[in-house]
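What follows is a short report on a single structure.
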There are 2 protein chains.
Amino acid sequence: MTQLQRRRIPDAAVTRLPVYLQILNNLHATNVLRFSSDELAALAGVNAAKVRKDLSYLGSYGTRGVGYEVTYLIHQIKRELGLLREWNVVVVGAGNLGCALAKFGGFAPRGFPVVGIVDNDPKKIGQTTGSLTVGDVRNLAKMVRDLKVAIGAITTSTATAQSAVDALIDAGVTSILNFAPIVLATPSSVSVRNVDLGVELQILSYYEQMRTEQTEVAKIQTKSSTVSV
Amino acid sequence: MTQLQRRRIPDAAVTRLPVYLQILNNLHATNVLRFSSDELAALAGVNAAKVRKDLSYLGSYGTRGVGYEVTYLIHQIKRELGLLREWNVVVVGAGNLGCALAKFGGFAPRGFPVVGIVDNDPKKIGQTTGSLTVGDVRNLAKMVRDLKVAIGAITTSTATAQSAVDALIDAGVTSILNFAPIVLATPSSVSVRNVDLGVELQILSYYEQMRTEQTEVAKIQTKSSTVSV
DNA sequence: ATGCCTTCGTGCATAATTTCACAAGGTCTC
DNA sequence: GAGACCTTGTGAAATTATGCACGAAGGCAT
């Protein structure tokens with residue numbers, strides 16, 4: 001095996017790099033030129049050593065005794081994340097969310113232009129949303145080819161999400177942003193990121209309940225004077 | 001220290017329980033009565049041993065040689081996640097997303113009723129969205145108290161997100177669902193879940209670029225006949 | 001009952017991630 | 001240019017998460 005393929009960045013670090021990038025963009029906007037791992041750690045709410053290790057996966061771009069240069073690091077993170085080019089997005093499912101994504105202009109300037117939107121409902125096909133016309137999901141493969149689509153966003157109903165994903169994968173798309181509350185069956189060569197508010201709320205619920213119980217216990221203990229340390 | 005407080009479930013397992021719950025609800029809807037860890041693992045796209053370990057944190061509710069009962073497990077997961085009661089949600093920020101969340105009726109039946117929405121813009125205050133009237137953010141504390149709010153959803157602009165969170169925390173809210181693309185500063189006693197599509201897209205971008213490079217390398221290697229295994 | 005079959009629950013090994021702690025290497029002052 | 005002072009980069013330890021492998025336990029057929 002030719003070992004020239006780029007050193008892999010640990011998954012956990014990959015999920016943090018976009019957060020760092022966000023913060024650095026803010027620093028840049030406020031004319032900050034340099035930062036230390038301590039400063040970034042405080043802003044990102046993580047440990048400073050973790051910041052340094054994460055940044056070290058990009059290469060040795062800091063200066064000891066000084067810190068990191070904002071603009072240079074922004075460039076390096078973008079390079080590593082593949083943000084020096086654009087990745088075209090197609091939205092599958094022209095419901096409320098799908099149309100909102102198509103209309104929302106916030107992704108194009110960040111390198112993820114929404115170049116198409118499709119649906120399987122004849123009533124929706126042909127309608128205009130933002131600057132796009134809803135296409136027929138049956139033309140998805142052609143659309144992916146012609147518009148060089150790299151990422152598919154699933155905003156269909158739960159019932160049709162799996163077939164939507166199958167169509168995308170058939171068309172050669174290997175990155176999926178899934179908004180349907182369902183676990184998609186995909187080959188391991190495909191990346192899937194799930195956005196599910198229900199799941200997030202339930203996770204919050206767990207920790208909220210933990211805290212609530214903790215408090216109850218404390219109250220009872222106080223009342224009955226059984227506190228022990 | 002009185003060690004009666006419930007055994008902690010590992011964070012990684014907590015994030016998977018809602019996914020299992022989703023799947024079990026589907027099984028229940030299709031009249032499936034029992035399932036094995038193998039079956040659930042296949043549906044959730046994870047390892048069967050992991051499923052068993054995750055479920056074992058709830059207690060020993062399986063039957064060896066048989067499997068788990070769907071309805072019973074649903075109940076146990078709900079209990080553990082704190083889903084046997086309702087958690088009221090207040091939305092802070094009455095923009096597109098905030099109003100959509102307020103209108104969207106999908107959370108109430110799942111135990112997370114949106115009981116209020118507030119903004120700081122006088123033009124928005126007083127407007128109606130769904131069955132709710134946009135309130136003044138300055139009345140947030142009273143609202144949290146009167147309506148027994150447990151979770152706050154931040155859908156403000158990035159610029160006002162931190163002050164929105166500060167207000168929520170002052171009002172006693174300890175669970176935050178944040179949609180603003182910013183890292184919120186919060187005490188460690190507060191749970192925050194971030195939903196940021198930009199971050200998700202950038203993570204997809206990284207892996208997509210990896211695959212692209214891999215392919216390029218393979219092509220070059222094939223052309224120049226330097227393939228080595 | 002007995003024995004076979006199935007699937008859970010879990011101890012243990014391995015892998016991944018986080019954190020510590022400090023040498024290395026740079027700047028800045030005098 | 002020498003010494004004081006920072007902050008990086010990274011081994012190594014600690015913690016957390018994953019996956020294997022197998023004993024335990026229940027069902028079912030004979």
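Just so it is clear, the model here is predicted, and its values are computed rather than measured. Naming convention: chains lettered A, B, ... in sequence-line order (proteins, then strands); numbering from 1 in each chain. Both backbone and side-chain heavy atoms feed into the values below; hydrogens, waters and symmetry mates do not.
With sequence neighbours excluded, the residues forming a salt bridge (Lys or Arg N to Asp or Glu O under 4.0 Å) with Arg193(A) are Glu200(B), listed by chain and number. The salt bridge (Lys or Arg N to Asp or Glu O under 4.0 Å) test applied to Arg110(B) returns no partner, not counting sequence neighbours. Every residue two or more places apart in sequence or in another chain that forms a side chain to side chain contact (heavy atoms under 4.5 Å, CB included) with Phe104(B) is listed here: Phe107(B). Annotation: salt bridge (Lys or Arg N to Asp or Glu O under 4.0 Å) contacts of Glu39(B) (sequence neighbours excluded): none. The side chain to side chain contact (heavy atoms under 4.5 Å, CB included) test applied to Val144(B) returns Leu140(B), Val149(B), Ala171(B), Val173(B), not counting sequence neighbours.
Taking a 4.0 Å limit (strictly below) on heavy-atom distances, residues 38-55 of chain A reaches DNA chain D at Arg52(A), Lys53(A). Within residues 24-37 of chain A, no residue is approached by DNA chain C to less than 4.0 Å at the level of any non-hydrogen atom.
Although no hydrogens or angles enter the test, the distance criterion places no donor-acceptor pair under 3.5 Å between the side chain of Tyr206(A) and the main chain of Leu17(B). Judged by distance alone, with hydrogens and angles left aside, the side-chain atoms of Thr30(A) form a donor-acceptor pair with the main-chain N or O of Asn26(A) at under 3.5 Å. No donor-acceptor pair under 3.5 Å is formed between the side chain of Asn25(A) and the backbone N or O of Ala29(A).
A donor-acceptor pair shorter than 3.5 Å can be found between the side chains of Glu208(B) and Thr174(A). For the 3.5 Å distance criterion, the side chains of Ser157(A) and Thr160(A) qualify, holding a donor opposite an acceptor. Between Arg34(A) and Thr63(A), the side chains place no donor N or O within less than 3.5 Å of an acceptor N or O (distance only, hydrogens not considered). Looking at Ser205(B) and Arg85(A), their side chains never bring a donor and an acceptor atom within 3.5 Å of each other.
For residues 22-56 of chain B, every residue pair satisfying the ring pair (Phe, Tyr, Trp, His ring centres under 6.0 Å) rule, not counting sequence neighbours, is listed here: Phe35(B)-Tyr68(B). Applying the salt bridge (Lys or Arg N to Asp or Glu O under 4.0 Å) rule to pairs touching residues 148-173 of chain B yields nothing, sequence neighbours excluded.
The nucleotide range of DNA chain C contacted by chain B, defined by atoms under 4.0 angstrom from heavy atoms of the protein and reported 5' to 3', is dT6(C) to dC12(C). Between chain A and DNA chain D, the heavy-atom contact criterion of under 4.0 Å yields a 5' to 3' nucleotide range of dC6(D) to dA12(D).
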Walk me through it: do Phe179(A) and Ile154(A) pass the test side-chain contact (heavy atoms from CB on, under 4.5 Å)? CA-CA 6 Å; Phe179(A) 292 88; Ile154(A) 308 287; 5.8 Å; no
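Two residues, Arg64(B) and Arg16(A), neighbour DNA chain C, and the one matched to the more 5' nucleotide by heavy-atom proximity is Arg64(B).
Computed from C1' positions of five pairs at each end, the angle between the two local axes of the helix from dA1(C)-dT30(D) to dC30(C)-dG1(D) equals 10°, rounded to 10 degrees.
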